[in-house]
2 protein chains.
Amino acid sequence: MAETTERRAAEAPTSKSARTRERILDAAAHVLSRKGYAGTRLADVAAHAQLQAPTIYYHFASRDELIEEVMWVGAARVHAHVVAELEALPAETSPLDRILTAVEAHLRYELLISDYTTASIRNANQVPEGLRAKAAAEEAAYARLWRDLFTAAMDAGQLRADLDITVTRMLLLGAMNWAAEWWNPRHRTLDDLVRATQDMVRYGMAPATA
Amino acid sequence: MAETTERRAAEAPTSKSARTRERILDAAAHVLSRKGYAGTRLADVAAHAQLQAPTIYYHFASRDELIEEVMWVGAARVHAHVVAELEALPAETSPLDRILTAVEAHLRYELLISDYTTASIRNANQVPEGLRAKAAAEEAAYARLWRDLFTAAMDAGQLRADLDITVTRMLLLGAMNWAAEWWNPRHRTLDDLVRATQDMVRYGMAPATA
DNA sequence: CATGGAATCTAACTAGAATTCGAAACCATG
DNA sequence: CATGGTTTCGAATTCTAGTTAGATTCCATG
């Protein structure tokens with residue numbers, strides 16, 4: 001019953017088998033983010049999941065299928081979380097405020113489940129083509145969400161008229177994705193990071209030119 | 001003699017041996033950026049450098065030493081290039097303009113030698129500790145350069161007084177580093193990318209509040 | 001407490017890749 | 001054209017890690 005608070009993120013693992021599967025997936029994300037695609041050894045994954053390597057084959061058909069799922073799950077969960085946060089906003093929320101909400105949701109979720117995030121970020125271009133398909137489709141859909149947010153804000157006149165929204169969108173996502181590489185909760189709170197990122201979007205770095 | 005124009009970037013390869021060594025290094029950066037640390041096979045590196053795997057051992061003591069050098073070279077060259085561009089500025093250049101110059105220099109060089117850039121970016125946390133030392137030291141020195149640029153601009157009142165310059169600096173570097181992952185010269189010129197990044201620094205995304 | 005499916009384990013097979021070694025090819029110099 | 005150092009190569013060695021097979025343990029159910 002104490003689990004209910006956890007269920008927002010992942011779906012609830014019911015059977016014992018499902019829970020073991022989830023444990024293997026988490027372990028794989030952990031190893032994948034630190035060792036890369038080629039360096040992800042099933043023996044290491046198994047050790048983190050507290051079982052023996054061959055056991056993985058009871059839950060996944062192959063090493064590649066396991067890794068494919070990690071790559072996909074990371075992207076899918078961030079996407080779903082941002083969508084949920086946006087849908088929770090009042091209908092009259094301005095396009096710019098929707099962007100700022102998306103920024104906060106992306107950062108919080110990315111840094112919360114950072115093993116999956118860093119795993120898919122660092123390995124996006126290292127994993128063999130075949131394994132990329134599902135994750136790539138998910139990322140494309142997520143990119144469309146951001147593109148729509150920017151287009152709406154531009155149409156509403158809330159962005160500088162001469163802004164290159166394609167490039168700017170990628171710069172913003174890059175700044176956020178990179179945070180998983182350096183952010184340390186002992187130096188800055190997540191709240192501070194979110195605020196600094198939102199301020200960067202709104203005001204840039206220079207003071208308002210009087 | 002036609003080589004002289006190339007010499008701005010890397011030091012001039014004089015002897016035949018030095019040129020082969022450089023070719024191996026380039027090939028290693030290429031493979032490392034695409035396959036990761038564990039996935040970088042010497043046979044692949046050799047194929048890209050148009051020679052056989054054992055030949056690599058004539059130029060490098062081991063696979064790890066080769067990879068260590070790739071990781072280090074990328075960071076060192078970007079650092080050196082940015083320093084050179086900054087030193088070429090007139091003494092009276094304002095701190096904010098110095099930041100904008102550093103942005104341009106970083107982006108141009110990073111995207112010029114993007115195999116090295118993406119190699120070190122994607123593998124920074126995948127390479128074993130021992131190999132990180134040299135590259136990490138170089139990156140630390142480079143980070144200090146940026147910290148000083150920001151501190152000077154803040155002291156000169158050219159940045160918003162409430163700006164968190166530590167976080168903002170990392171967001172900016174992240175946005176730029178990430179560009180190596182998505183920038184495609186067929187969609188946007190490098191000039192456009194540089195301008196968009198500089199505008200983001202100066203103005204943010206929203207129009208000046210009247 | 002017996003039983004059968006679910007879940008996990010141990011042992012063995014196999015392929016791939018770094019590294020070593022000694023031979024061959026290259027090439028500037030006398 | 002010979003010669004010796006430089007550079008490259010082919011073959012053999014060794015170790016690592018994915019995968020499979022078969023046995024064993026766990027555990028809910030009757």
Side-chain angles (χ1 to χ4, degrees), chain A residues 12-71 119 123 126-132, chain B residues 1 3 12-71 119 123 126-132:
Chain A
T14 52
S15 68
K16 173 190 174 69
S17 173
R19 257 178 291 127
T20 303
R21 205 188 126 93
E22 188 74 15
R23 223 170 64 229
I24 293 172
L25 215 51
D26 287 349
H30 180 86
V31 176
L32 185 60
S33 71
R34 286 160 179 75
K35 298 299 182 69
Y37 169 71
T40 296
R41 293 174 293 193
L42 292 186
D44 288 349
V45 173
H48 274 273
Q50 300 191 328
L51 37 79
Q52 297 303 312
T55 303
I56 295 174
Y57 285 86
Y58 183 80
H59 300 273
F60 296 88
S62 69
R63 172 182 180 276
D64 275 0
E65 193 182 271
L66 167 60
I67 290 176
E68 179 182 35
E69 186 153 336
V70 170
M71 298 288 289
N123 293 289
Q126 292 185 359
V127 152
E129 274 305 317
L131 304 193
R132 286 278 308 148
Chain B
M1 302 303 164
E3 283 172 349
T14 54
S15 67
K16 173 189 174 70
S17 172
R19 258 178 292 128
T20 303
R21 204 188 127 95
E22 187 74 15
R23 226 170 62 231
I24 294 171
L25 215 50
D26 287 349
H30 181 87
V31 176
L32 184 61
S33 72
R34 285 160 179 77
K35 299 298 182 65
Y37 169 72
T40 296
R41 292 173 294 192
L42 292 187
D44 288 349
V45 173
H48 274 273
Q50 300 191 330
L51 37 80
Q52 298 301 315
T55 302
I56 294 174
Y57 286 86
Y58 182 79
H59 300 273
F60 297 88
S62 69
R63 173 181 179 276
D64 275 0
E65 192 182 271
L66 168 60
I67 290 176
E68 179 183 36
E69 185 154 337
V70 170
M71 299 288 290
N123 293 289
Q126 292 183 1
V127 152
E129 275 304 317
L131 303 194
R132 286 278 306 146

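A, B, ... follow the sequence lines: proteins, then strands. Residue 1 opens every chain.
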Q: Side chain of A:Y57 only, please: which of D:dT20, D:dA11, C:dC9 is the nearest?
A: D:dT20
(Q) Treating B:D44 as the side-chain partner and B:V31 as the backbone partner, does any N or O pair qualify as donor plus acceptor under 3.5 Å? (A) no
Q.
Using heavy-atom distances to pick each residue's nearest nucleotide on DNA chain C, tell me which of B:A61 and A:K16 is more 5'.
A. A:K16
**Q.** Test item: A:R19 and A:K16 side chains (from C-beta on) under 4.5 Å apart, heavy atoms
**A.** yes
Q.
In whole Å, I'd like the distance from the CD1 atom of A:I24 to the C1' atom of C:dT8.
A. 10 Å
Q) Hey, what do you get for CZ (B:F60) to CD (B:E68), rounding to the nearest 0.5 Å? A) 11.0 Å
Q | Interatomic distance, B:I56 CD1 vs C:dT20 C1' [rounded to whole Å] | A | 15 Å
Q) CD of A:Q52 versus C1' of D:dG18: gap in Å, rounded? A) 15 Å
Q) Atom NZ of B:K35 and atom C1' of C:dA18: how far apart are they, to the nearest Å? A) 16 Å
Q: For residues A:L51 and A:I56, determine if any side-chain heavy atom of one lies less than 4.5 Å from a side-chain heavy atom of the other.
A: yes
(Q) Nearest to the side chain of B:H59, heavy atoms from C-beta on, is which of C:dT8, D:dT20, D:dT8? (A) D:dT8
Q. Among D:dG10, C:dA18, D:dT16, which nucleotide sits nearest the side chain of A:R41?
A. D:dT16
Q: Please report, rounded to the nearest Å, how far the P atom of C:dT8 is from the CZ atom of A:R21.
A: 13 Å
Q: Please check the phosphate of C:dT8 (OP1 and OP2 only) for any side-chain N or O of A:T20 closer than 4.0 Å.
A: yes
Q: Provide, to the nearest angstrom, the distance between the CG atom belonging to B:L51 and the P atom belonging to D:dT8.
A: 7 Å
Q. Between the main-chain N or O of B:T40 and the side-chain N or O of B:R63, is there a donor-acceptor pair closer than 3.5 Å?
A. yes
Q: Would you indicate, yes or no, if C:dA7 has its OP1 or OP2 atom less than 4.0 angstrom from a side-chain nitrogen or oxygen of A:S17?
A: yes
Q.
If I take atom CZ in residue A:R63 and atom P in nucleotide D:dT20, what distance separates them, rounded to the nearest angstrom?
A. 14 Å
Q.
Measuring to OP1 and OP2 of C:dA7, would you say a side-chain N or O of A:Y58 lies under 4.0 angstrom away?
A. yes
Q) Can you tell me how far P of C:dT19 sits from CG of B:L42, to the nearest Å? A) 6 Å
**Q.** Minimum-distance nucleotide (side-chain atoms of A:S62 versus D:dT8, D:dT19, C:dT19)
**A.** D:dT19
